[in-house]
Amino acid sequence: MARIVLFENIHPSAREVFQSAGYDEIITHAAALPPDTLREAIRGAQVLGIRSRTQIDAELIAANPDLRAIGCFCIGTNQVDLDAALAHGVAVFNAPFSNTRSVAELVLGEAILLLRRIPEKNYRVHQGFWDKTADGAYEARGKTLGIVGYGNIGSQVGTLAELAGMKVLFHDVEAQLPRGNAKPVSSLKRLLAQSDVVTLHVPGGKATQNLINAETIAAMKPGAILINASRGTVVDIDALHSALLSGHLAGAALDVFPVEPKSRDEALDSPLRGMPNVILTPHIGGSTQESQENIGREVAEKLVSYLQAGATKGSVNFPEVPYQEKAGTARILHVHRNVPGAMGALSSVVADHGLNIVAQHLQTKGPIGYVISDVEGEVKETVISVLRSHPVTVRCELV
Ligand code: NAI
């Protein structure tokens with residue numbers, strides 16, 4: 001039975017999934033551990049569960065030959081050396097969708113609050129003023145929401161916004177299936193020119209750096225609102241600051257920043273601090289109790305499906321083979337170097353031991369091939385030992 005070691009206070013929903021799948025040896029650590037202690041803590045583990053603070057480098061992976069899989073109970077996976085994991089036949093999983101809804105709800109909430117100028121009004125009442133007026137306050141109903149990046153989160157925002165009566169437009173660099181009555185717009189500028197609220201849901205990186213800048217902000221409707229809960233680098237903050245000061249934009253909500261504080265004790269350095277028509281939040285768009293629980297369940301289920309059936313769909317580094325019902329009497333998971341003859345080697349070892357392959361699913365990714373073989377017959381430990389010692393083999397398991 002696999003030994004599972006979890007770090008960084010992973011939600012108990014993960015343990016529930018492991019236990020109900022029959023895994024009892026689950027060791028949990030409340031925090032990330034320093035390198036020396038970490039090395040000790042993961043010895044002998046087949047499965048690791050981490051969040052963003054545990055670094056798993058090539059050396060750690062090489063030093064733990066029992067390790068079969070790593071679950072990143074979060075979205076990001078750059079804390080793991082994914083190439084080294086692949087080279088050692090260690091599949092890595094994450095939770096790309098579990099916090100989608102949390103981000104989408106925050107964005108819709110912010111759109112409604114900013115359309116009503118609530119951040120300013122809240123601030124004024126706290127200061128002792130009673131500015132009872134309808135000036136500049138609008139309903140969300142009938143307003144146009146422009147979504148830039150219509151992927152998992154963007155499309156979910158659109159669905160929620162329609163429930164509030166908003167018209168939804170979106171712009172994406174790839175063709176996307178519109179949800180509800182949402183309408184695609186072929187150019188960013190055309191989308192900006194029509195939207196009362198613009199919300200950004202594109203990935204970070206070079207291609208989207210300063211996508212929203214002085215020129216694109218100028219294309220936005222006077223009095224529009226900008227929301228960014230994607231990546232801080234997508235917005236040129238100085239250009240946004242000027243547009244808010246001049247009144248060209250009525251308000252903004254930002255959850256992400258080009259440079260974010262590294263710890264709780266550090267303050268955000270931004271010209272937007274102190275502006276009453278700007279909502280600033282500390283990158284918590286996806287941080288809710290529900291998303292933590294969903295992440296615990298989503299990643300643990302992927303790990304169990306890999307351990308018990310070899311399924312790697314959704315793995316961030318491995319060749320992807322979807323879940324398949326077992327055919328035959330046993331299943332052999334074989335990770336090999338992606339070289340000519342690897343499949344032949346596997347087949348002949350299996351045939352030499354009197355086993356008949358009844359179903360087989362192969363996928364390759366770069367230097368690695370991964371094949372699930374369902375066989376008929378009794379698979380003795382010697383077959384697995386012969387396969388493990390074969391020069392093409394990276395890893396071999398019987399499940
Ligand atoms: P996704 O990959 O499902 O969707 C991104 C979409 O943007 C794709 O459809 C892609 O084709 C499109 N896109 C890429 N470049 C574009 C461009 N230049 N113009 C228009 N569309 C473009 O990603 P998902 O899961 O929806 O996440 C979106 C963003 O939200 C990411 O940056 C992610 O890091 C961020 N995020 C922020 C969180 C928070 O706590 N604030 C939590 C989770 C994700």
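Position 1 is the first residue of the sequence; numbering continues from there. Counting convention: from 1, in listed order, for ligands and their atoms alike.
- Closest heavy-atom contact between L86 and P367: CD2-CD, 4.3 Å.
- At the shortest separation from atom 28 (C) of ligand 1 among protein heavy atoms lies H201 O, 3.4 Å.
- Under a 4.0 Å N-O distance rule, the pair K143/E139 does not qualify as a salt bridge.
- The protein atom (non-hydrogen) at minimum distance from atom 37 (C) of ligand 1 is A229 O, 3.2 Å.
- In terms of protein heavy-atom proximity, atom 31 (C) of ligand 1 is nearest to V202 O, 3.4 Å.
- Across A207, G286, S230, heavy-atom proximity to atom 35 (C) of ligand 1 is greatest for S230.
- In this structure, of N152, L188, D172, the residue bringing a heavy atom nearest to atom 6 (C) of ligand 1 is D172.
- For atom 20 (C) of ligand 1, the nearest non-hydrogen atom from the set T281, D255, V173, V157 comes from V173.
- With ligand atoms numbered from 1 in the order given, ligand 1 contributes 39 (C), 40 (O), 41 (N) to contacts under 4.0 Å with heavy atoms of H283.
- For atom 2 (O) of ligand 1, the nearest protein heavy atom lies 4.0 Å away or farther.
- For atom 44 (C) of ligand 1, the candidate residues are V103, I75, L200, I153; the nearest heavy-atom contact is made by I153.
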Criterion salt bridge (charged side-chain N to carboxylate O under 4.0 Å, His left out) on D196 and K221, from CA distance to verdict: CA-CA 7 Å; D196 301 297; K221 271 173 118 170; 2.8 Å; yes
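- Distance check on atom 23 (O) of ligand 1: every protein heavy atom falls at or beyond the 4.0 Å cut-off.
- Geometrically, ligand 1 and T208 share no nitrogen or oxygen pair separated by less than 3.5 Å.
- Applying the side chain to side chain contact (heavy atoms under 4.5 Å, CB included) criterion to I75, with sequence neighbours excluded, gives N99.
- Of all atoms in ligand 1, listed by their number and element, those nearer than 4.0 Å to a heavy atom of N99 are 42 (C), 43 (C).
- Each of F170 and L200 belongs to its own hydrophobic cluster when Ile, Leu, Val, Met, Phe, Trp and Tyr are linked at side-chain heavy-atom distances under 4.5 angstrom.
- Checked against V157 for a side-chain contact (heavy atoms from CB on, under 4.5 Å), the options T100, L108, L145, V103 give a single hit: L145.
- With no hydrogens or angles considered, a side-chain donor-acceptor pair links E8 and T54 at under 3.5 Å.
- For ligand 1 and H171, the ligand atoms under 4.0 Å from any heavy atom of the residue are 20 (C), 21 (N).
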Run the side-chain donor-acceptor check on residues 266-280: report pairs under 3.5 Å with partners two or more places apart or on a different chain.
unit_1 : atom_1 : unit_2 : atom_2 : d
E266   : OE1    : K262   : N      : 3.4
S270   : OG     : L272   : N      : 3.1
R273   : NH1    : L268   : O      : 2.8
N277   : ND2    : A250   : O      : 3.0

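- Scanning the protein heavy atoms around atom 14 (C) of ligand 1, the nearest turns out to be P203 CD, 3.3 Å.
- When hydrogens are left out, the protein atom nearest atom 4 (O) of ligand 1 is G151 CA, 3.3 Å; that is the closest non-hydrogen contact.
- Comment: E320 does not engage K365 in a salt bridge, judged by the lack of any side-chain N to carboxylate O separation of less than 4.0 angstrom.
- Taking a cutoff of 4.0 Å between a charged side-chain nitrogen and a carboxylate oxygen, E325 and R331 do not qualify as a salt bridge.
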